[in-house]
Amino acid sequence: MMAVQAPVVKDLVLLGGGHTHVEVLRSFGMRPMPGVRLTLITRDMHTPYSGMLPGYISGFYTYDECHIDLARLAMFAKARIIHQEAEGIDIKTRRVLLGGRRPPIAYDALSINVGITPADSAVPGAREHAVPVKPIDRFVVRFEALLERYAEAAAASAQPMASATAVGAASSSAPAPAVASPLRLVIVGGGAGGVEVALALSYRLERERAKLGLPLIAAAHLTLVTRGTLLQGSTGYVQRTLRRALAAKGVALAEGDGVSSVSSTAVMLSSGVVLPCDACIWCTQAKAAGWLTQLGLPTEEGTGFLSIRDTLQSDGGPPEVFACGDVASCATHPRPKAGVFAVRQGPPLTANLRAFLGGQPLVPFVPQSTWLSLISTGDKNCVGTKGWLAAEGGWLWTWKDGIDRAFMHKYSDGLKEMRDKMMAAGGSGGGLLWPWAGGSGSSSGAAGAVSLAAPPAFAAAGPEALALFAEASMRCGGCGAKVGASTLSRVLARLQARRPALESAAAEEASGVVAGLGSPDDAALLRPPPPGRLLVHTVDFFRSFWPDPYLFGAIAANHALGDVYAMGGEPRSALALAVVPLMGESQVEEELAQMMAGALSVLDDAGCALVGGHTGEGQEAALGFSVHGDVAEGDVMHKGGLAAGQVLLLTQPIGTGAIMAGAMLHICFRQKKMVLLLTKPIGTGAIMAGAMKGAACVRGRDVSTALAAMAHSSAAAAKVLRAHGCTAATDVTGFGLLGHLVEMARGSGSGVRCEIELSAVPLLPGAATAVAAGVTSSLHRSNARAMSHVANASELMAGDARWPLLVDPQTGGGLLAAVPADRAVSALAALRASGYAEAAAIGRVVEGVEAVAEACGGGGGAAEGGATSPHAMPPNSPAAT
């Protein structure tokens, strides 16, 4: 018996990365469902755990300690992750609608677990001026800004205090100048959330005041406003205890008085009282996002929450739509909007999604009628209740802290522990493997044999899916394993439908296309370039490295265009070679449509016509392009055009292979003449290697930054460099920065040498952290041989942990170019003005034959104050530029 990869025949889409969905992801990572592909659509790469928000405000937890990294969790679950906010759902065609040029995402089962917002629409000015606590991720950003604001206001208030001290010293009878409180906050909402936020803010701001060394007169002033009774519905003990806590921390309480309006400077109460404030924080009862009420799904009247049955399916809506967490309400079992219920829905939702996809009966879920509620008081103290029981003390906070950290561990470091256990037990670590039960008989017999052992999703999907499963281990690869003609025709029709016919025709005409996708033939026909222009031809191809087909398609196209831009040319047309894994026909269509739509978004912007291509089946998705362009004979930027005295520029940071936060590599200059520039940061190789391995050192936000860098076109950078006298350029891709620099130096003859300073090379956030943790790309070992061309390689490798990033393979990397030293400053300014914010001068070209390159480590450099010697590099800092 042999193991085969089960083809995908059903799509499960999770919309939102809430508390319930993280458990679904974890469960599918531990026990995949053969035949089912999991997709997470999320607005944010990090989802906050609401139970730790008060502790985060108080300063007891860091951002990463109270946020679940969805990218890492999705990698564990082998799920596709689409980092984009949904704009709607078409329940008739079963598709999630996304913004921009992105095609919708198809589903066979959909679960909705998105955030909610406070119900503020009825209060004039609240939406414009209040800071809502939910969605929590957005509140976190505003909270950090609030802390900065407090520090600035506190510092400003310290000046008149100093004046008061001086006046008092000169004349004890002179009155001290009045000092206003640096920050006045109004928190609206008298429930547990409002009380916790008020107490946590009071504690944190008082600590900040003490840290800044300011007197009590500078303390922030907080007021908690509640329309009804504080903590209505709680026991008298809880209400009394938390009233004492508020009073002890100096939080004023406006009880039984609602808010009539909010402005940028004050909160007006129903009683007529006006509360001046610098910020109003909104913690009232929540409601669903407005777009959810426009889906055609049944909702709860007044709140817009999605109505669900006890099976967590839409109540009265399509059976394939599920909802959970705060966004859903079950009339059969109504419960408060609390994180504990969302967490508890995780296992039953997972079980019912599996049952639905496998054609099995669903099981009702009844949430608990009593629950533990732990309300923190800002400091490390808690008030706890369950039913009629209540208690207070530091021991409760310790207990709560342990519960919260254990929950977070399951979805962070606990993932690696779980994977290790699975591998030790002989599992696949999350692969969709299924034992093959076929025999050597006829095809119908084999299919019949397999139907007995086929996974539930195949049986539920029908005869075609069962036949596909039966064929999986002996799939014919004839005719290049082509995708079916009907599937391909539908994909092309969908792609053309998203591009106006006139636009497509105009693009083909501008590119010199005689016969292309608009008028398909056996091969594309192109007109030659006009006299004085040379043809530029290049090809790039690689397998999928990120489980978002649209984004992968965009990056693959951008990567392929990079060579044309590096030559100084303009792309005209492209042929695509696409590979999709074995899947059901509808899944193949969706995968190919997503991949090619992403590619077209880049090719169209570049004015490059897609004129044809080839599609086939393979073990995994892959995409490549043969790109044709042209360049004026006098504008060619060769690799071998280096000359002594030039400055090396890099247009974007490196590090897509590794991940760390913002370390920079710089290049040393001892002469004045020509400079090497880099247009993008580096590090994509290490970052993506860490992401695919689920390394804890690689954070989802770093992966998101790296993916955006890969998709950033070099078209504008090439024009800027040409305009500033560039004589040599290359795109930094698979061989890494150093490998491509060695090619440039070799191609320029034996009379030049390149000097680079590590502290000037821009790195992507997270890249340095990744390589420091030993995370490197599979190409690292091969690329590292280029270090033999570095004169001081031994010294560098022993003394600077950043050196691996010099050979980190990049995907969609920026341009490395040499420009005259006297034009480097203006070139950098123009690059930054064109969208390459981290473009940097990383080195220079000097005379010499003893080595191709020399790298200098150490700090300092232009970014720390600019060049001061007559032989220094041009300054890299935007201010100096």
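For clarity, every value in this text was computed on a predicted model and none was experimentally measured.
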Q. Would Leu707 and Phe545 count as a side-chain contact (heavy atoms from CB on, under 4.5 Å) if you check the C-alpha gap in whole Å, the side-chain angles of each, and the deciding distance to 0.1 Å?
A. CA-CA 10 Å; Leu707 292 169; Phe545 54 84; 4.2 Å; yes

Q) Rounded to the nearest 0.5 Å, what separation is found between the OG1 atom of Thr332 and the CG atom of Asp310? A) 5.5 Å

Q) Going by atom types only, do Thr487 and Glu589 share a side-chain donor-acceptor pair under 3.5 Å? A) no

Q. Would you call Glu87 and Arg102 a salt bridge, taking side-chain N to carboxylate O under 4.0 Å as the test?
A. no

Q. For the residue pair His19 and Phe407, does the interplanar ring angle fall in the parallel (under 30°), tilted (30 to 60°) or perpendicular (over 60°) class?
A. tilted

Q) Side chains of Val197 and Trp282: closer than 4.5 Å at any heavy-atom pair? A) no

Q) Can you find a pair of side-chain heavy atoms, one from Val340 and one from Gln368, that are under 4.5 Å apart? A) yes

Q: Evaluate whether atom CZ of Arg543 has more than 12 neighbouring non-hydrogen atoms of other residues, nucleotides or ligands under 6.0 angstrom away.
A: no

(Q) Please check: side-chain N/O of Thr20 versus main-chain N/O of Ala342, any donor-acceptor pairing under 3.5 Å? (A) yes

Q. Roughly how far apart are Asn352 CG and Leu312 CG, rounded to 0.5 Å?
A. 6.0 Å

(Q) Any carboxylate oxygen within less than 4.0 angstrom of a Lys/Arg side-chain nitrogen, looking at Glu585 and Arg490? (A) yes

Q) Backbone N or O of Pro104 within a donor-acceptor pair of the Gln594 side chain at under 3.5 Å? A) yes

Q.
With a 3.5 Å distance limit and no angle check, can you tell me whether Lys337 reaches the backbone of Ala328 through a side-chain donor-acceptor pair?
A. yes

Q | Lys/Arg N to Asp/Glu carboxylate O, Asp413 vs Arg72, below 4.0 Å | A | yes

(Q) Before you tell me yes or no, could you show the steps for Phe356 and Phe322 under side-chain contact (heavy atoms from CB on, under 4.5 Å), namely the whole-Å CA-CA distance, both residues' side-chain angles and the distance that decides it to 0.1 Å? (A) CA-CA 10 Å; Phe356 178 82; Phe322 295 70; 4.0 Å; yes

Q. What heavy-atom pair brings Leu292 and Ile112 nearest, and what distance separates the two atoms?
A. CD2-CG2, 4.4 Å

Q. Considering only heavy atoms from C-beta outward, does the side chain of Asp108 approach that of Gln587 to under 4.5 Å?
A. yes

Q) Is there side-chain contact between Phe76 and Met30, with at least one heavy-atom pair below 4.5 Å? A) yes

(Q) Nearest 0.5 angstrom please: Arg26 CZ to Thr350 OG1, how far? (A) 10.0 Å

Q) Any side-chain heavy atom of Phe469 sitting closer than 4.5 Å to one from Val9? A) no

Q. Quick one: CG on Asp548 to CD1 on Ile105, what's the gap to the nearest 0.5 Å?
A. 7.0 Å

Q. In Å, rounded to the nearest 0.5 Å, how long is the span from CD1 of Ile82 to CG of Leu15?
A. 10.5 Å

Q) Only one of Thr93, Leu98, Ile91 forms a side-chain contact (heavy atoms from CB on, under 4.5 Å) with Arg95, so which one is it? A) Thr93

(Q) Under a 3.5 Å distance rule, please check whether Gln313 uses its side chain to pair with a backbone N or O of Pro319 as donor and acceptor. (A) yes

Q.
side-chain contact (heavy atoms from CB on, under 4.5 Å) for Met595 and Val580? Distances and angles first, verdict last.
A. CA-CA 10 Å; Met595 211 157 49; Val580 291; 4.0 Å; yes

Q. How about Arg354 and Ser27: does a side-chain donor come under 3.5 Å of a side-chain acceptor?
A. yes

Q. Are the side chains of Trp291 and Ile89 in touch, meaning some heavy atoms are under 4.5 Å apart?
A. yes

Q. Side chain of Lys400, backbone of Gly51: donor and acceptor closer than 3.5 Å?
A. yes

Q.
Can you confirm whether Val140 sits close enough to His67 that some side-chain heavy atom of one is under 4.5 Å from a side-chain heavy atom of the other?
A. yes

(Q) Distance check, rounded to the nearest 0.5 Å: Lys410 atom NZ versus Leu73 atom CG? (A) 11.0 Å

Q) So with a 6.0 Å cut-off around CD of Glu620, is the heavy-atom count from everything else above 12? A) yes

Q: Can you see which heavy atom on Thr385 is nearest to which on Ala390, and at what distance?
A: CG2-CB, 4.0 Å

Q. Considering residues, nucleotides and ligands other than Trp371, do more than 12 of their heavy atoms fall under 6.0 Å from its CH2?
A. yes

**Q.** Contact check, side chains of Asn113 and Gln345, non-hydrogen atoms, under 4.5 Å
**A.** no

Q: For Pro34 and Ala457, work out which heavy atoms get closest and say how close.
A: O-CB, 3.7 Å

Q. Quick one: does Ser544's side chain have a donor or acceptor within less than 3.5 Å of a partner on Trp546's backbone?
A. yes

Q.
Under 4.0 Å between a side-chain nitrogen and a carboxylate oxygen: does that hold for Glu23 and Arg344?
A. no

**Q.** Over all atoms of both residues, closest heavy-atom pair of Ile41 and Gln84
**A.** CG2-O, 3.4 Å

Q: In sequence, state the C-alpha distance, the side-chain angles, and the governing distance for Arg80 and Asp11, and then conclude on side-chain contact (heavy atoms from CB on, under 4.5 Å).
A: CA-CA 11 Å; Arg80 299 192 303 179; Asp11 275 298; 4.2 Å; yes

**Q.** Backbone of Pro54 reached by a side-chain donor or acceptor of Ser58 within 3.5 Å
**A.** yes

Q: Look at the side chain of Asp44 and the backbone N and O of His46, then say whether any donor-acceptor pair between them is shorter than 3.5 Å.
A: no

Q | Side-chain donor/acceptor of Glu196 to backbone N/O of Ser376, under 3.5 Å | A | yes

Q.
Could you report the tightest heavy-atom contact between Leu374 and Cys382, atom names first, then the distance?
A. CB-SG, 4.4 Å

Q. So, Arg43 side chain and His83 main chain: donor-acceptor pair closer than 3.5 Å or not?
A. no

Q: Looking only at non-hydrogen atoms, find the nearest pair between Phe139 and Pro132 and report the distance.
A: CB-O, 3.6 Å

